[in-house]
Amino acid sequence: GLLPEHFLTQRDRTVKEAIRRLQGMRNGCGTFGMWPGGDGEWTDLTLFATHFLMEAESSGYPVDADWRRELQQNLSRTAADKDNTPRQRAYAVYVAALAGKPLPGIAEELLASAGDDDLTGFLAAAGLMKSGQAKAGAEQLDRMLAQQAWRSNAAEPGWYTPAMRLGLMLWITMDLIPEHPAVHTM
């Protein structure tokens, strides 16, 4: 392989430790808050942690089945709840599709109201692609990537910094369409 064996061993330990720590940080309904074991949910943190857990699971690291169901239910609630920001809802749509529970109706709704330069549209299009509607999602995703949407200043203030936006868009693009020229540009 490209990486020395000790890197792979370290990765294995690191991922397992991250899953173990996340298990200890979840609150009573399986989501994540500011403090381990608390009652409140921090939606952005829950989405980010759930994304990590679903990616880890797809790489062969098991996630407890009951916890997985709780996380999937939370993704569906987050995506459907119009009190959440459109970006939070779109991220939930993408991660739900990654978790095998696609929400194409919500993805289409979010995509219809998103601009070509925003993270909401990118995540909704990626959610469509991940849920088996590749053509519908790919056209929108390609348009956003051609316009270098990762450089947009349209990102919401707060937790989604330009670096996080770029990293998230690069990761998802490499997963869905690794041969896209934007992968090399990002």
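Side-chain atoms are counted along with the backbone in the values below, which use heavy atoms only and exclude waters and symmetry mates. All values reported here derive from a predicted model rather than from experimental measurement.
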Apply the test side-chain contact (heavy atoms from CB on, under 4.5 Å) to residues L75 and L103: give CA-CA distance (whole Å), side-chain angles for both, the deciding distance (0.1 Å), then the verdict.
CA-CA 10 Å; L75 290 168; L103 303 165; 5.6 Å; no
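- The two residues R89 and A79 come nearest to each other via the heavy atoms NE-O, 2.6 Å.
- I19 approaches F52 most closely through the heavy-atom pair CG1-CE2, 4.0 Å.
- Checked against side chain to side chain contact (heavy atoms under 4.5 Å, CB included), A124 has the following partners two or more places apart in sequence or in another chain: A90, L110, L111.
- The backbone N or O of T78 sits less than 3.5 Å from a side-chain atom of N84, completing a donor-acceptor pair.
- At a threshold of 4.5 Å between non-hydrogen side-chain atoms, the residues M25 and R20 do not count as touching.
- At a threshold of 4.5 Å between side-chain heavy atoms, the hydrophobic network of Ile, Leu, Val, Met, Phe, Trp and Tyr places L71 and V93 in two separate groups.
- Looking only at atom types and distance, the side chain of E41 has no donor-acceptor partner in the side chain of N27 under 3.5 Å away.
- Looking at D44 and R87, a side-chain N of the basic residue comes within less than 4.0 Å of a carboxylate O on the acidic one, giving a salt bridge.
- Considering all non-hydrogen atoms of both residues, A97 and G127 come closest at CB-O, 3.7 Å.
- Closest approach of A182 and L145 over heavy atoms only: CB-CB, 4.0 Å.
- Considering only residues two or more places apart in sequence or on other chains, T9 meets the side chain to side chain contact (heavy atoms under 4.5 Å, CB included) condition with E5, R13.
- Under the 4.5 Å side-chain criterion, counting only non-hydrogen atoms from C-beta, Y91 is in contact with H51.
- Cluster annotation: M54 is connected to F122 through the hydrophobic network of ILVMFWY side chains, with a link wherever side-chain heavy atoms come within less than 4.5 Å.
- Within the 4.5 Å cutoff, side-chain heavy atoms of L22 are placed close to those of F32.
- Closest approach of G137 to L128, counting heavy atoms only: CA-CB, 4.0 Å.
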Take K135 and M129 through the test side-chain contact (heavy atoms from CB on, under 4.5 Å) and record every step on the way to the result.
CA-CA 7 Å; K135 185 174 191 250; M129 289 183 71; over 6 Å; no
Steps toward side-chain contact (heavy atoms from CB on, under 4.5 Å) verdict (E57, R68):
CA-CA 10 Å; E57 187 176 62; R68 188 180 206 287; 2.4 Å; yes
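- Remark: the D12 side chain and the Y61 side chain contain an N/O donor-acceptor pair separated by less than 3.5 Å.
- The CZ atom of R11 lies 7.0 Å from the OG atom of S59; values are rounded to the nearest 0.5 Å.
- For the pair Q72 (side chain) and A99 (backbone), a donor-acceptor distance under 3.5 Å is present.
- At a threshold of 4.5 Å between non-hydrogen side-chain atoms, the residues M186 and Q148 do not count as touching.
- One hydrophobic cluster holds both L141 and L123 under the rule that ILVMFWY side chains link at heavy-atom gaps under 4.5 Å.
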Return all side-chain donor-acceptor pairs below 3.5 angstrom for residues 170-179, not counting sequence neighbours, or 'none' if the list is empty.
residue : atom : partner : partner atom : Å
W171    : NE1  : E55     : OE2          : 2.9
T173    : OG1  : M169    : O            : 2.7
D175    : OD2  : Y94     : OH           : 3.4
D175    : OD2  : K130    : NZ           : 2.8

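- If you take CG on L119 and CG on L166, they are separated by 11.0 Å, rounding to the nearest 0.5 Å.
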